[in-house]
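Only heavy atoms go into these numbers, but all of them, side chains included; no hydrogens, no water, no symmetry mates.
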Amino acid sequence: MALLLRFVFLCGVADFTRSLSITTPDQMIEKAKGETAYLPCKFTLSPEDQGPLDIEWLLSPADNQKVDQVIILYSGDKIYDDYYQDLKGRVHFTSSDLKSGDASINVTNLRLSDIGTYQCKVKKAPGVGNKKIQLTVLVKPSGIRCYVDGSEEIGNDFKLKCEPKEGSLPLQYEWQKLSNSQKLPSLWLPDMNSPVISVKNASTEYSGTYSCTVTNRVGSDQCQLHLNVVPPSNRAGTIAGAIVGVLLALVLIGLIVFCCRKKRREEKYEKEVHHDIREDVPPPKSRTSTARSYMGSNHSSLGSMSPSNMEGYSKTQYNQVPSEDFERAPQSPTLPPAKVAAPNLSRMGAVPVMIPAQSKDGSIV
């Protein structure tokens with residue numbers, strides 16, 4: 001009996017001292033990147049909780065090296081939401097009256113950096129309570145690309161591939177045929193839930209339109225592929241054409257190189273010949289110096305004339321001047337040779353000498 005009374009007494013004390021409590025259980029939430037995450041936190045108060053109401057949300061990032069961050073705070077009937085720069089402008093209380101018992105928040109435009117553990121703390125002295133929520137941000141499959149890896153010819157082996165640009169694991173794949181019999185070939189069935197379908201010994205029956213759907217826990221995306229299996233092409237003709245094209249290109253290149261070298265040799269030869277001519281040809285003589293040297297030689301000959309050599313000198317003709325400056329103009333064979341006037345020796349400083357005439361028999365007149 002005493003034990004029963006003690007139990008009733010303890011139960012009454014526990015009920016009497018019951019204070020603030022958070023009714024939302026701990027949970028895990030998965031959301032897609034770019035979406036809005038609703039993080040619930042509802043609480044109840046007891047008559048004994050008479051102190052000021054304080055609500056605080058903290059984030060423990062997935063990177064354990066970072067310390068807990070306060071992301072939003074309610075204290076003294078004011079809201080402070082600029083504590084954490086990465087969530088500034090993206091975290092808000094869902095209720096306009098927090099005293100009603102709803103401290104839930106929304107995190108908008110989710111990013112991968114938002115992954116972590118969020119903790120809700122509610123305090124109204126003497127009551128205190130807290131709950132944790134694990135938030136995981138996933139990426140929907142997107143940018144799905146379907147293509148054929150290989151040659152779509154009868155008898156060939158190739159692959160059908162389905163590749164998403166991004167998407168959080170795990171990913172699930174599903175292939176479907178959208179045309180003709182709308183059934184995948186029986187040989188493909190083992191690969192219908194994989195990103196790659198291996199095609200062996202292809203035939204025209206495989207031709208058609210196919211779709212590939214990629215799914216994960218937060219979304220899905222799809223792509224389509226048109227397969228057209230055709231007869232083999234004339235590979236021998238293609239190879240022969242390629243060889244002929246290469247040979248023609250080589251011949252053309254050889255001709256261009258030959259022409260360029262020939263032109264360079266001609267230019268080099270012209271430069272060498274021009275250089276040789278300039279070195280071998282002496283500078284032209286002055287007319288004045290030539291004339292003076294010739295007249296000087298004649299003057300010395302006349303000055304040394306004596307009766308013994310008069311006869312030989314008389315045979316010298318004055319119209320035959322061995323100088324390039326006194327060459328005679330070409331004469332017509334029908335006309336008599338023109339007489340060249342004897343130079344005026346007095347103007348050149350020479351002494352005039354009388355030349356005796358000679359008769360036909362050789363006697364002096």
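Using a 4.0 Å cut-off between a side-chain N of Lys or Arg and a carboxylate O of Asp or Glu, Lys31 and Asp114 do not qualify as a salt bridge. One finds a salt bridge joining Lys99 and Asp77 here, because a Lys/Arg side-chain nitrogen approaches an Asp/Glu carboxylate oxygen to under 4.0 Å.
Each of Leu171 and Val137 belongs to its own hydrophobic cluster when Ile, Leu, Val, Met, Phe, Trp and Tyr are linked at side-chain heavy-atom distances under 4.5 angstrom. Hydrophobic clustering of Ile, Leu, Val, Met, Phe, Trp and Tyr side chains at less than 4.5 Å, counting indirect connections, unites Leu135 with Leu112. When the side chains of ILVMFWY residues are joined at heavy-atom separations under 4.5 Å, either directly or via intervening members, Leu73 and Phe43 end up in two distinct hydrophobic clusters. Leu169 and Tyr173 fall within the same hydrophobic cluster, defined by Ile, Leu, Val, Met, Phe, Trp and Tyr side-chain heavy atoms under 4.5 Å apart, directly or through other members.
The closest side-chain donor-acceptor pair between Tyr38 and Thr94, if any, does not fall under 3.5 angstrom.
Cys146 has its SG atom 2.5 Å or further from the SG atom of Cys212.
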For this session: Apply the test side-chain hydrogen bond (donor to acceptor under 3.5 Å, both in side chains) to residues Glu163 and Tyr147: give CA-CA distance (whole Å), side-chain angles for both, the deciding distance (0.1 Å), then the verdict.
Result: CA-CA 9 Å; Glu163 296 180 353; Tyr147 64 98; 2.9 Å; yes
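Ring-plane geometry between Trp188 and Tyr210 is classed as tilted, the angle between the planes lying from 30 to 60 degrees on a 0 to 90 degree scale.
For the side-chain hydrogen bond (donor to acceptor under 3.5 Å, both in side chains) with Thr213, the qualifying choice from Glu174, Gln222, Gln176, Gln172 is Gln222, the only one to do so.
More than 12 non-hydrogen atoms from other residues, nucleotides or ligands lie less than 6.0 angstrom from NZ of Lys177. For Lys140, the NZ atom sits in a loose shell: 12 or fewer heavy atoms of surrounding residues, nucleotides or ligands are nearer than 6.0 Å.
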